[in-house]
2 protein chains.
Amino acid sequence: MRQDILNCYRTVNPHVSVDCVLIGFDGEQLSVLLVKRQGVVDKDFCDTKLPGSLIYVDEDLDEAAERVLTELTGLKNVKLDQFKAFGAKDRTKNPKDTLWLERLHSLKSPVDRIVSVAYLSLQKVDRKMMFPSYKYEPCWKPVKEVGELAFDHKMIIDEALLYIRNRAELNPTFLFALLPKKFTAAQMRKLFELVYDKSFDVRNFHKRIAQMPYVVALDEKERGVPHRAARYYKFDKSKVK
Amino acid sequence: MRQDILNCYRTVNPHVSVDCVLIGFDGEQLSVLLVKRQGVVDKDFCDTKLPGSLIYVDEDLDEAAERVLTELTGLKNVKLDQFKAFGAKDRTKNPKDTLWLERLHSLKSPVDRIVSVAYLSLQKVDRKMMFPSYKYEPCWKPVKEVGELAFDHKMIIDEALLYIRNRAELNPTFLFALLPKKFTAAQMRKLFELVYDKSFDVRNFHKRIAQMPYVVALDEKERGVPHRAARYYKFDKSKVK
DNA sequence: TTGACTTATCGTCATTTGTACACTATATTT
DNA sequence: AAATATAGTGTACAAATGACGATAAGTCAA
């Protein structure tokens, strides 16, 4: 790819990276998109991490996030929001992490502490979803099952979830990016319960939906379920506020 | 000062800076704390900016923010919250800014784009308030009167105000850092009106105060005002939630 | 001393919003 | 036809919100 060839000649900024937290919802649970580290043989290495990388010296932060996500997962045109920078003194002190970095970027001098700017995107997760690029083996991992990751990526994910919750409280429409185009009231309720970490009364939740002008009921219903079929709703962005 | 001497031997990270947005309220309006650039003779230079500077390679971001604020204003123990990173491609491309930076830090190579992590703190502003250090001429400037500043500092201030508003909507107790220990309902209302950019009904606002358990009425009243004296209130942190 | 003026404080009423709670409806499977 | 699994609905009370008018407590000037 032309873009990749050009990038070889760009200077890497060894002090700043971006990390992308993609949170997905499949109707059941929240997941996060993780990739594998490349070029590391030692099995002892913790080789799962967020899609992220060092940026180039002359590269816009937002653009860097999009580029890195595309390079590692093949995903394009993903709307990413910056939510926090991570710059603890010891965040890149683990030899596993520093060694990997130095090899990957062919760095001459040992890596200093790297400040990472974290980005968030909410995605619908389709079970049969394929990634355009499998080079780094991107895959969705349920957030509740995420173990230790490289660097401080576990903490970054926790902060992302906190951010989602706060932002949803301010403006719930933000969450509809996680739902499929057609969704049932039950799916929506499940999502809200996961995000707010509490359960909602079914009847009151229906009332709540009824007074959201941007959630419109469709004529269509579920098919092939072994019980009463639920009505589908859709999110109409144009009816927000 | 010992700290300063030691700092001379630390390595500067030429790619990452911190900027501190201190927002103050004096009972009338919101102000922001600005400092003067040092060591620049050319009068054409736009020499007012936020207190901020490059960090050291091995320095925690949060610590860097506190250190820089202390070095530029003398203020200590200020609670700073990180709210956003700024990393536009061209944010350090203005020759005025780059020249100043290169001289200040005695940099050998020209500065690349610098990613800046912005921090926020809310302060009560006392008209007779003195700064422990006047080296960089720190002073409060009403936000509505802020003109063009160095770098993208104007934009950083705008983002800070947006952040304050969002965060206050989530949790209004956050705003009490802006009010003096004793304050009147009118002062509090004025502040809320500035932050939310709309006016509130005086009577309903009193009701709103009455049902904030953390705002407690004092016996004390205003003195020397040419009309009925207003009651003082105080904020009791322990009664939040 | 009095009345004009200014700002503080309190009260009412209508409306909206939040919350607790139990039964009927519809589709599939056996 | 019965079992079962989930969808969908209404009512009553409490609490919060918002629009508005009336009264209280000071200063100031005549």
Side-chain angles (χ1 to χ4, degrees), chain A residues 26-29 165 168-173 175 179-180 182-234 239-241, chain B residues 26-29 168-173 175 179-180 182-235 239-241:
Chain A
D26 59 6
E28 287 297 320
Q29 54 194 346
R165 192 165 161 178
E169 214 155 314
L170 216 59
N171 174 17
T173 63
L175 293 178
L179 289 165
K182 296 182 303 189
F183 52 88
T184 67
Q187 284 176 314
M188 185 172 156
R189 186 162 53 88
K190 185 128 201 170
L191 172 61
F192 276 60
E193 289 181 340
L194 281 171
V195 170
Y196 292 106
D197 194 29
K198 66 173 178 180
S199 61
F200 295 101
D201 180 90
V202 190
R203 290 157 290 189
N204 293 337
F205 197 78
H206 268 278
K207 243 193 308 188
R208 194 166 154 191
I209 290 178
Q211 64 190 38
M212 291 178 174
Y214 43 81
V215 177
V216 304
L218 302 176
D219 285 332
E220 207 178 340
K221 290 186 172 190
E222 271 181 326
R223 311 259 229 105
V225 285
H227 52 76
R228 179 173 175 180
R231 170 184 303 166
Y232 279 124
Y233 294 83
K234 70 168 183 180
K239 297 203 173 114
V240 175
K241 270 253 188 61
Chain B
D26 60 4
E28 287 297 320
Q29 54 193 346
E169 214 154 315
L170 216 58
N171 174 15
T173 64
L175 293 178
L179 289 165
K182 296 181 303 187
F183 52 87
T184 67
Q187 282 176 314
M188 185 173 157
R189 186 164 53 88
K190 186 128 200 172
L191 171 61
F192 276 60
E193 288 180 341
L194 282 172
V195 170
Y196 292 105
D197 195 29
K198 66 174 177 179
S199 61
F200 295 101
D201 180 89
V202 192
R203 294 153 290 189
N204 291 336
F205 197 79
H206 268 277
K207 247 193 304 189
R208 194 166 155 192
I209 290 178
Q211 64 190 40
M212 292 178 173
Y214 42 80
V215 177
V216 304
L218 302 177
D219 285 333
E220 208 178 338
K221 291 186 170 189
E222 270 181 327
R223 310 257 229 109
V225 286
H227 53 76
R228 179 174 176 179
R231 170 186 303 169
Y232 279 124
Y233 293 84
K234 70 167 183 180
F235 174 62
K239 297 201 173 118
V240 174
K241 267 255 189 65

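Reminder, nothing fancy here: chain letters follow the sequence lines and each chain counts from 1.
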Over all strands shown, is [X] touching base, sugar-phosphate only, or nothing at heavy-atom distances under 4.0 angstrom?
| X | result |
| --- | --- |
| Arg231(A) | sugar-phosphate |
| Gln211(B) | sugar-phosphate |
| Val225(B) | sugar-phosphate |

Starting at atom [atom1] of [X], determine the distance to atom [atom2] of [N], rounded to an integer number of angstrom.
| X | N | atom1 | atom2 | answer |
| --- | --- | --- | --- | --- |
| Phe205(B) | dA16(D) | CZ | C1' | 16 Å |
| Asp201(B) | dT9(C) | CG | C1' | 12 Å |
| Met212(B) | dT17(D) | CE | P | 9 Å |
| Arg203(B) | dT17(D) | CZ | P | 17 Å |
| Glu222(A) | dA7(D) | CD | P | 7 Å |
| Leu218(A) | dA7(D) | CG | C1' | 16 Å |
| Asn204(A) | dT16(C) | CG | C1' | 15 Å |
| Arg208(B) | dA15(D) | CZ | C1' | 16 Å |

* To do: Carefully, step by step, assess Val195(B) and Leu191(B) under the rule side chain to side chain contact (heavy atoms under 4.5 Å, CB included).
  => CA-CA 6 Å; Val195(B) 170; Leu191(B) 171 61; 4.0 Å; yes

* Kindly say whether Gln29(A) contributes a backbone atom to a donor-acceptor pair with the side chain of Asp26(A) at under 3.5 angstrom? => yes

* Asked: Of all residues at least two apart in sequence or in a different chain, which pass the salt bridge (charged side-chain N to carboxylate O under 4.0 Å, His left out) check with Arg208(A)?
  -> none

* Asked: Counting side-chain heavy atoms from C-beta on, which of dG26(D), dG11(C), dA5(D) comes nearest to Arg228(B)?
  -> dG26(D)

* Structure fact -> Taking dG8(D), dG21(D), dA7(D) as options, the one with an atom nearest any side-chain atom of Ala185(A) is dG8(D)

* **Side-chain donor/acceptor contact of Lys207(A) with base of dT19(C) under 3.5 Å** =>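 Yes.
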
* Asked: If each of Ala229(A) and Val202(A) is mapped to the nucleotide of DNA chain C with the nearest heavy atom, which maps nearer the 5' terminus, i.e. the 5' end?
  -> Val202(A)

* To do: Report yes if a side-chain nitrogen or oxygen of His206(B) is closer than 4.0 Å to either non-bridging phosphate oxygen (OP1 or OP2) of dT9(C); otherwise report no.
  =>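 His206(B) to dT9(C) OP1/OP2: side-chain N or O found under 4.0 Å.
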
* Asked: In terms of the angle between their ring planes, are Phe200(A) and Tyr196(A) parallel, tilted or perpendicular, with boundaries placed at 30° and 60°?
  ->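 Correct class here is perpendicular.
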
* Quick one: pull up NZ in Lys182(B) and CD in Glu222(B) and give me the separation to the nearest 0.5 Å. => 10.5 Å

